[in-house]
Asks: 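Questions regarding the structure given below will be posed in turn.
Since the model is a prediction, treat every value here as computed from it, not as a measurement. Just so we're on the same page: letters track the sequence lines, and every chain starts at 1.
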Protein chains: 2
Amino acid sequence: MRRDIFHAIADPTRRAIIALIALQAMTPNALADNFQTTRQAVSKHLRVLTECELVQQEQLGREIYYSLRVDRLQEIDHWLSQYKQLWETRFTQLDSVLATLKHQNP
Amino acid sequence: MRRDIFHAIADPTRRAIIALIALQAMTPNALADNFQTTRQAVSKHLRVLTECELVQQEQLGREIYYSLRVDRLQEIDHWLSQYKQLWETRFTQLDSVLATLKHQNP
DNA sequence: TATATTTGCAACCAATCGGTTTCATACTCC
DNA sequence: GGAGTATGAAACCGATTGGTTGCAAATATA
């Protein structure tokens, strides 16, 4: 099973879940109210997000509140960073940037 | 068919292709040499990357050189940016950040 | 205790995915 | 023109995905 963070954010429903719980912790039932799917489907998405440690749970009575582990999104930012200099740099500096990137990825 | 950029980068082989053609334009055959799959499989990945405009082609004789459209990766960076302030901000400022984020996503 | 609520998990299903094999097309070189 | 090379497209296949329904466990409430 491929359960990396890139796979996790590939699904639009999961990105919507991420957007919701970034604002405040929510229960599976409360989350499911925002989608046209069943609660169980949302639960399966939460399982995927949990398995790649993108969310954390806090149990309060019989309710489980899911919230976003924002720090985990840095992994994507880190992956992006190697290309970011490519689009942020002017053409005249492109050669040196390419050399740097080549050095970082032998 | 879900052909957005998040789906495109979800596959590890496609991310490897992106890393390769970020350095220099490459033909499908040259790309396939770097993987333990067939050229046709690489070609299918290139089709996905093309359909979401992550790569561009340049035909030279019977060879087609694929290169990365780095600017397209900004879409992911833009998606990340709404969460970036969450992990870059200290806890004491968190409330105002959440308010801002809530305003951006009504 | 009995009932209702919240949740996770298993079984199943159609659709999609990544891969292969095969074939057709287009270009290069002799 | 003919042989070889580079490529894309189609057909097929097993595995995975996202979804559903049904059920069991745990908690709250009467």
Side-chain angles (χ1 to χ4, degrees), chain A residues 1-21 23-69 76 79, chain B residues 1-21 23-69 76 79:
Chain A
M1 241 171 277
R2 199 178 66 231
R3 281 289 148 85
D4 59 41
I5 199 172
F6 293 96
H7 168 244
I9 65 165
D11 184 82
T13 303
R14 280 197 289 269
R15 289 200 301 279
I17 291 176
I18 288 175
L20 285 168
I21 62 177
L23 304 175
Q24 56 184 353
M26 293 177 74
T27 64
N29 260 332
L31 277 168
D33 287 341
N34 294 273
F35 304 102
Q36 291 174 331
T37 63
T38 59
R39 174 193 60 79
Q40 284 89 338
V42 171
S43 233
K44 283 180 81 169
H45 284 305
L46 285 171
R47 200 155 93 99
V48 173
L49 293 171
T50 302
E51 280 174 9
C52 60
E53 297 172 305
L54 255 171
V55 303
Q56 56 195 173
Q57 315 174 14
E58 188 188 1
Q59 182 132 15
L60 284 177
R62 66 184 161 190
E63 293 180 327
I64 301 179
Y65 284 84
Y66 286 85
S67 57
L68 182 63
R69 286 193 48 184
I76 300 168
W79 176 79
Chain B
M1 243 171 278
R2 199 179 63 233
R3 280 290 150 84
D4 59 42
I5 199 172
F6 293 97
H7 169 245
I9 65 166
D11 184 81
T13 303
R14 280 197 289 269
R15 288 199 302 278
I17 290 176
I18 288 174
L20 285 168
I21 63 177
L23 304 174
Q24 56 184 350
M26 293 177 74
T27 65
N29 260 331
L31 277 168
D33 288 341
N34 294 274
F35 304 102
Q36 291 173 332
T37 63
T38 59
R39 173 193 61 79
Q40 285 88 340
V42 172
S43 233
K44 284 180 80 170
H45 284 305
L46 285 171
R47 198 156 93 99
V48 174
L49 293 171
T50 302
E51 280 175 6
C52 62
E53 298 173 305
L54 254 170
V55 304
Q56 56 196 171
Q57 315 175 16
E58 187 187 2
Q59 182 132 14
L60 285 176
R62 65 184 161 191
E63 293 180 326
I64 300 178
Y65 285 83
Y66 287 84
S67 56
L68 182 63
R69 286 192 48 183
I76 299 168
W79 176 79

Asks: In whole Å, what is the span from the CD atom of A:Q59 to the P atom of C:dT5?
Replies: 19 Å
Asks: Rounding to an integer number of Å, can you tell me how far A:E63 CD sits from C:dT6 C1'?
Replies: 7 Å
Asks: In whole Å, I'd like the distance from the OH atom of A:Y65 to the P atom of C:dG8.
Replies: 13 Å
Asks: Which atom pairs link the protein and nucleotides 28-30 of chain D when you take only N or O atoms and keep those under 3.5 Å?
Replies:
residue, atom, partner, partner atom, Å
D:dA28, O4', A:R62, NH1, 3.3

Asks: What nucleotide among C:dG18, D:dT21, C:dT20 has an atom nearest to a side-chain atom of A:T38?
Replies: D:dT21
Asks: Would you tell me if any nitrogen or oxygen in the side chain of B:H45 comes within less than 4.0 Å of OP1 or OP2 on C:dC17?
Replies: no
Asks: Contacts to DNA chain D from residues 30-37 of chain A, heavy-atom cutoff under 4.0 Å, which residues?
Replies: A:T37
Asks: Just the atom pairs and distances: protein N or O near nucleotides 8-10 of chain D's N or O, under 3.5 Å.
Replies:
residue, atom, partner, partner atom, Å
D:dG8, OP1, B:Y66, OH, 2.1
D:dG8, OP2, B:S43, OG, 2.6
D:dG8, N7, B:R39, NH1, 3.2
D:dG8, O6, B:R39, NH2, 3.1

Asks: Would a 4.5 Å heavy-atom cut-off, applied to side chains only, mark B:R14 and B:H7 as touching?
Replies: yes
Asks: So, using side chain to side chain contact (heavy atoms under 4.5 Å, CB included) as the criterion, who are the partners of A:I64 when residues are at least two apart?
Replies: A:Q57, A:Q59, A:Y66
Asks: Round to the nearest Å and state the distance from B:F6 atom CZ to C:dC17 atom P.
Replies: 17 Å
Asks: Can you measure from CD1 (A:I5) to CZ (A:R69) and round to the nearest 0.5 angstrom?
Replies: 9.5 Å
Asks: Quick one: list whatever passes side chain to side chain contact (heavy atoms under 4.5 Å, CB included) with B:R15, sequence neighbours left out.
Replies: A:D4, A:F6, A:W79, B:I9, B:P12
Asks: From B:T27 OG1 over to B:E63 CD, what is the distance, rounded to the nearest 0.5 angstrom?
Replies: 5.5 Å
Asks: Nearest-Å distance, CD1 (B:I17) to C1' (C:dG19)?
Replies: 13 Å
Asks: Rounded to the Å, how far apart are B:D11 CG and D:dA15 C1'?
Replies: 14 Å
Asks: So, does B:T13 get its side chain near the phosphate of C:dG18, meaning an N or O under 4.0 Å from OP1 or OP2?
Replies: no
Asks: Kindly indicate whether the side chain of B:Q40, heavy atoms from C-beta on, has any atom under 4.5 Å from the side chain of B:K44.
Replies: no
Asks: Calculate, to the nearest 0.5 Å, the distance between atoms CG and CE belonging to B:L46 and B:M26 respectively.
Replies: 10.0 Å
Asks: Rounded to the nearest 0.5 Å, what's the gap from CG on B:L20 to CG on B:L31? Could you check?
Replies: 6.0 Å
Asks: Atom CD1 of A:I9 to atom P of D:dT17: distance rounded to whole Å?
Replies: 16 Å
Asks: Counting distance only, does the side-chain N/O of B:R39 pair as donor-acceptor with the main-chain N or O of B:A32 below 3.5 Å?
Replies: no
Asks: Measure the CZ-CG distance between B:R3 and B:L54 for me, rounded to the nearest 0.5 Å.
Replies: 12.0 Å
Asks: Compare side-chain N and O positions of A:N29 against OP1 and OP2 of C:dT7 and report whether any pair is under 4.0 Å apart.
Replies: yes
Asks: Compare the minimum distances between each of C:dC17, D:dT7, D:dT20 and the side chain of B:H7, then state the nucleotide with the smallest one.
Replies: C:dC17
Asks: Sequence neighbours excluded, which residues qualify as side chain to side chain contact (heavy atoms under 4.5 Å, CB included) partners of A:A41?
Replies: A:T37, A:T38
Asks: CD1 of B:I17 to CG of B:D11: how many Å apart, nearest 0.5 Å?
Replies: 8.0 Å
